Amino acid sequence: MRNLKIIIEYDGAAYHGWQRQPDDITVQQTLEEKIGVITRERIRLTGSGRTDAGVHAIAQAANFKTSSKIAGGNLLRGTNSLLPGDIVIKELTEVDEGFHARYNAKSKVYLYRIFNNKYPPALYRNYSWFIKYPLDIDLIRTAVLQLIGTHDFSSFCAADSNTVDHVREVVDAGVHREENGMIKFFIEADGFLRHMVRNIAGTLIDVGSGKLSPAGFLGIMEARDRRQAGITAPPQGLFLKEVRY
């Protein structure tokens, strides 16, 4: 039995998230079916984690077991030839039998994109959150830096989450603004709660607009109360950028 690790890029707009669902098309299901056509086996992928409906990935990681002896390069090319254009396997490598895409991940990096301009984007409408009113990038940056460290992120966890432990370590976080008005917020942590990045992004908009101070942002985080934080940012601005092992 071989254990194969894959790195996948996908546009999540047409999918009901990563995880296989009984009645909806997902990224995991699509990949399993196409890999299975090539290997002539029933394939079960283990992803590094879930992404919600409409969320994209630059480098999602997953692994699967196979008894197929097809060379890795041929398996990669064959599967990509069957996949729809919005999913691509970028890498396929053979890994140790004990490798687990989720449990062996040391950290993940997420990117959230906000298009801050007077007019909405045509090219980025499915890959960013459009905010037309001015945002103060310096205020946002001050708030973002307060995320670094080990904190209880209950204030930024989905209200309907059944996760008990809300403590996560943020290894790095930052934000910058490009000339066209695109604001890119990234965050790296040892784990993420459901809707955590989108809830943080929604609250950062309140900081950037002046409705909330950076000190108020910190106060919301320390309150451990989802009701005090901002709205959940829309999914199309969120990208799983990298999984680090």
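Because the structure is a prediction, the values reported are computed rather than measured.
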Worksheet item: If you look at every heavy atom in S155 and A223, which pair is closest and at what distance?
Response: OG-C, 4.0 Å
Discussion item. With a 6.0 Å cut-off on the ring centroids, do F217 and F156 count as close?
Written reply: yes
Worksheet item: Would the number of heavy atoms belonging to other residues, nucleotides or ligands and lying under 6.0 Å from CZ of R44 be above 12?
Response: yes
Fill in: Partner set under side-chain contact (heavy atoms from CB on, under 4.5 Å) for I70, not counting sequence neighbours
I38, S68, N74, L75
Worksheet item: Can a salt bridge be assigned to the pair R168 and D152 using a cut-off of 4.0 Å between side-chain N and carboxylate O?
Response: no
Item to complete: With side-chain contact (heavy atoms from CB on, under 4.5 Å) as the test, would you mind laying out the steps for L31 and I89 before giving the verdict?
Response: CA-CA 9 Å; L31 282 162; I89 301 176; 3.9 Å; yes
Fill in: Closest heavy-atom pair and its distance - A173, V170
CB-CG1, 4.3 Å
Practice prompt. Look only at the side chain of N126 and the backbone of Q236, and say whether a donor-acceptor pair between them is shorter than 3.5 Å.
Written response: no
Discussion item. Using only atom types and a distance under 3.5 Å, with no angle test, would you say the side chain of S161 pairs donor to acceptor with the backbone of A158?
Written reply: no
Item to complete: Any chance you could measure I187, atom CD1, to K241, atom NZ, to the nearest 0.5 Å?
Response: 13.0 Å
Worksheet item: With a 4.0 Å cut-off, would you call E188 and R244 a salt bridge?
Response: yes
Worksheet, complete the sentence: T163 and D165 have their tightest heavy-atom pair at CG2-O, 3.4 Å
Discussion item. Are more than 12 heavy atoms, taken from residues, nucleotides or ligands other than R50, located less than 6.0 Å from that residue's CZ atom?
Written reply: no
Worksheet entry | side chain to side chain donor-acceptor pair (under 3.5 Å) partners for T51, two or more places apart | Y10
Worksheet entry | side-chain contact (heavy atoms from CB on, under 4.5 Å) between M1 and E97, intermediate numbers included | CA-CA 8 Å; M1 222 29 163; E97 182 182 354; over 6 Å; no
Worksheet item: Taking atom NZ of K211 as the centre, does the number of heavy atoms from other residues, nucleotides or ligands within less than 6.0 Å exceed 12?
Response: no
Fill in: Sub-4.5 Å side-chain heavy-atom contact between H16 and I25
no
Discussion item. Restricting to salt bridge (Lys or Arg N to Asp or Glu O under 4.0 Å), what partner residues turn up for D225, sequence neighbours left out?
Written reply: R227
Practice prompt. Indicate, with yes or no, if V27 and L82 share a hydrophobic cluster defined by side-chain heavy-atom contacts under 4.5 Å among Ile, Leu, Val, Met, Phe, Trp and Tyr.
Written response: yes
Worksheet entry | Side-chain (E32) to main-chain (L45) donor-acceptor, under 3.5 angstrom | yes
Practice prompt. Output the distance between atom CD (Q228) and atom CE (M221), rounded to the nearest 0.5 Å.
Written response: 13.0 Å
Practice prompt. Count the heavy atoms of every other residue, nucleotide or ligand shown that sit under 6.0 Å from CG of L145, and state whether that count exceeds 12.
Written response: yes
Discussion item. Minimum heavy-atom separation for A143 and P214, please, with both atom names.
Written reply: N-CB, 4.2 Å
Practice prompt. Determine, using the 4.5 Å side-chain heavy-atom cutoff (strictly less than), whether F192 and F186 are members of one ILVMFWY cluster.
Written response: no
Worksheet item: Heavy-atom distance under 4.5 Å between the side chains of H166 and V164, does that happen here?
Response: no
Fill in: Co-membership, hydrophobic cluster, residues V243 and V171, 4.5 Å side-chain
no
Worksheet item: Do E41 and T66 meet the criterion of a side-chain donor-acceptor pair at a distance under 3.5 Å?
Response: yes
Worksheet item: So do K132 and K118 actually touch side chain to side chain, heavy atoms under 4.5 Å?
Response: no
Worksheet item: Is there a path of hydrophobic side-chain contacts, each under 4.5 Å between heavy atoms of I, L, V, M, F, W or Y residues, that connects V109 with L240?
Response: no
Worksheet entry | Spacing of H195 atom NE2 and I200 atom CD1 [to the nearest 0.5 Å] | 13.0 Å
Worksheet item: Taking all atoms of both residues into account, what is the closest heavy-atom pair of P234 and Y112, and its distance?
Response: O-OH, 2.7 Å
Fill in: Under 3.5 Å: donor-acceptor pair, side chain of D52, backbone of V55
no
Discussion item. As a quick check of understanding, evaluate side-chain hydrogen bond (donor to acceptor under 3.5 Å, both in side chains) for Y15 and D24, giving each step before the final call.
Written reply: CA-CA 8 Å; Y15 300 93; D24 296 292; over 6 Å; no
Practice prompt. Would you indicate whether F99, at its atom CZ, is surrounded by more than 12 heavy atoms from other residues, nucleotides or ligands within a distance under 6.0 Å?
Written response: yes
Worksheet item: When R194 is tested against each of D160, N162, N199 for side chain to side chain donor-acceptor pair (under 3.5 Å), which residue passes?
Response: D160
Item to complete: Measure from the side-chain N and O atoms of H56 to the backbone N and O of G12, and report whether any donor-acceptor pair falls under 3.5 Å.
Response: yes
Worksheet entry | Common cluster, L238/I58, ILVMFWY with side-chain heavy-atom separation under 4.5 Å | no
Item to complete: Determine, step by step, whether I220 and T203 satisfy the side-chain contact (heavy atoms from CB on, under 4.5 Å) criterion, reporting the C-alpha distance in whole Å, the side-chain angles of both residues, the deciding distance to 0.1 Å, and the verdict.
Response: CA-CA 9 Å; I220 287 173; T203 311; 4.2 Å; yes
Worksheet item: So, for G202 and A233, which heavy atoms are closest and what is the spacing to 0.1 Å?
Response: N-CB, 4.0 Å
Worksheet entry | Side-chain ion pair, K108 and D190, N-O less than 4.0 Å | no
Discussion item. Return the CD to CD1 distance between Q28 and I87, rounded to the nearest 0.5 Å.
Written reply: 11.0 Å
Discussion item. Using 0.5 Å steps for rounding, measure from the CZ atom of R141 to the CZ atom of F185.
Written reply: 12.5 Å
Worksheet item: Does the separation of the ring centres of Y127 and F115 fall below 6.0 angstrom?
Response: no
Discussion item. Can you see whether Y133 engages N116 through a side-chain donor-acceptor pair at a distance of less than 3.5 angstrom?
Written reply: no
Discussion item. Against I140, only a single residue in D206, I114, V175 fulfils side chain to side chain contact (heavy atoms under 4.5 Å, CB included); can you say which?
Written reply: V175
Practice prompt. May I ask you to check whether over 12 heavy atoms, not counting those of R224, lie within 6.0 Å of atom CZ?
Written response: no
Worksheet item: Do F239 and Y110 make the cut of ring centroids closer than 6.0 angstrom?
Response: no
Response to the item:
Interatomic distance, CD1@I35 vs OG1@T39, rounded to 0.5 Å, equals 7.5 Å
Fill in: Check: N63 main-chain N/O paired with H100 side-chain donor or acceptor under 3.5 Å
no
Worksheet entry | From CA spacing to verdict: side-chain hydrogen bond (donor to acceptor under 3.5 Å, both in side chains), Q60, S48 | CA-CA 7 Å; Q60 166 72 289; S48 70; 2.5 Å; yes
